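Below is one structure, written out as structure tokens; the observations come after it.
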Amino acid sequence: QVQLVESGGGLVQAGGSLRLSCAASGRTFSSFAMGWFRQAPGKEREFVAAISWTGGNTYYADSVKGRFTISRDNAKNTVYLQMISLKPEDTAVYYCAAGTIYGSGHGIQDKYDYWGQGTQVTVSS
């Protein structure tokens with residue numbers, strides 16, 4: 001079992017920055033691929049970014065490429081999502097997820113076995 005707790009959300013003006021953190025406990029963090037997904041009001045949850053279990057590969061949705069950066073610190077059992085140049089359309093609840101993924105599929109929600117409770121990000125115009 002893995003427990004995931006997100007933090008770092010909040011209210012920010014358009015053009016601002018936030019860094020989300022996801023702290024993991026339980027089974028060996030370093031063996032899991034980690035992902036960030038988000039769900040805006042009235043919309044389905046969508047992929048944002050992911051990082052492989054080795055940390056050597058990162059994946060991004062087209063909508064956040066160049067603005068968001070995912071990273072992991074296995075010593076701290078934590079994955080981060082640095083977000084810059086935020087836009088009102090980035091407003092959503094952001095979820096952290098962990099899964100045993102090798103090769104392709106880092107953007108697929110069904111590949112992830114464990115999910116956090118989410119943290120709200122609100123970007124005002």
Side-chain angles (χ1 to χ4, degrees):
Q1 194 74 6
V2 174
Q3 292 78 43
L4 303 173
V5 179
E6 303 96 334
S7 62
L11 174 64
V12 64
Q13 289 188 332
S17 301
L18 281 174
R19 188 177 80 157
L20 305 183
S21 300
C22 173
S25 60
R27 292 180 58 189
T28 306
F29 173 78
S30 60
S31 66
F32 288 100
M34 300 298 297
W36 286 96
F37 294 79
R38 68 186 182 186
Q39 187 168 21
K43 296 186 177 181
E44 294 187 352
R45 189 163 58 187
E46 64 177 5
F47 169 71
V48 176
I51 187 165
S52 63
W53 69 278
T54 65
N57 293 292
T58 56
Y59 310 86
Y60 296 95
D62 288 343
S63 59
V64 306
K65 280 181 182 176
R67 300 188 299 120
F68 290 11
T69 303
I70 188 171
S71 62
R72 65 188 300 160
D73 185 339
N74 287 345
K76 295 183 178 180
N77 284 4
T78 302
V79 63
Y80 303 97
L81 186 68
Q82 178 68 51
M83 306 184 293
I84 66 171
S85 302
L86 283 161
K87 305 175 181 179
E89 50 264 44
D90 294 318
T91 296
V93 177
Y94 283 70
Y95 298 91
C96 172
T100 305
I101 305 173
Y102 303 106
S104 63
H106 286 77
I108 302 173
Q109 296 187 45
D110 289 347
K111 293 281 189 178
Y112 293 85
D113 302 306
Y114 305 101
W115 292 82
Q117 293 299 305
T119 185
Q120 176 71 47
V121 172
T122 303
V123 184
S124 63
S125 57

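In this text, all values refer to a predicted model and were calculated from it rather than measured experimentally.
Both the sub-6.0 Å distance and the 45° axial angle are satisfied by R72 relative to the ring of F29.
Heavy atoms only, all atoms of each residue included: Y80 and D73 are closest at CE1-CB, 4.0 Å. Minimum heavy-atom separation, E46 to Q109: N-NE2, 4.1 Å. Shortest non-hydrogen contact noted between S125 and A14 is CA-CB, 4.3 Å. The two atoms that bring A24 and L4 nearest to each other are CB-CD2, 3.6 Å, heavy atoms only. For C22 against M34, the heavy-atom pair with the smallest separation is SG-CE, 4.3 Å.
Put simply, the side chain of Q117 never gets that close to the backbone of E6: no donor and acceptor are under 3.5 Å apart. T91 contributes a side-chain N or O that, together with a main-chain N or O of V123, makes up a donor-acceptor pair within less than 3.5 Å. Side-chain atoms of Y60 come within 3.5 Å of backbone N or O of I70 as a donor-acceptor pair. In terms of modelled atom types and a separation under 3.5 Å, the side chain of S52 and the main chain of N57 share a donor-acceptor contact.
Here the side chains of M83 and V121 are in contact, with some heavy-atom distance below 4.5 Å.
The side chain to side chain donor-acceptor pair (under 3.5 Å) test applied to E89 returns no partner, not counting sequence neighbours. For A23, the side chain to side chain contact (heavy atoms under 4.5 Å, CB included) criterion is met by T78, not counting sequence neighbours.
Using cut-offs of 30° and 60° on the angle between ring planes, the pair Y112 and F37 is perpendicular.
Q39 CD to Q120 CD: the interatomic distance, rounded to the nearest 0.5 Å, is 10.5 Å. With values rounded to the nearest 0.5 angstrom, L81 atom CG is found 9.5 Å from S21 atom OG.
There is no path of hydrophobic side-chain contacts, each under 4.5 Å, that joins W53 to W36. F68 and V12 fall within the same hydrophobic cluster, defined by Ile, Leu, Val, Met, Phe, Trp and Tyr side-chain heavy atoms under 4.5 Å apart, directly or through other members. Hydrophobic clustering keeps I51 apart from F47 (ILVMFWY residues linked when any side-chain heavy atoms are closer than 4.5 Å, directly or through intermediates).
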Return a table of donor-acceptor pairs under 3.5 angstrom between the side chains of residues 93-101 and protein atoms on other chains or two or more places apart.
from: Y94; atom 1: OH; to: R38; atom 2: NH1; distance (Å): 2.9
from: Y94; atom 1: OH; to: D90; atom 2: O; distance (Å): 2.6

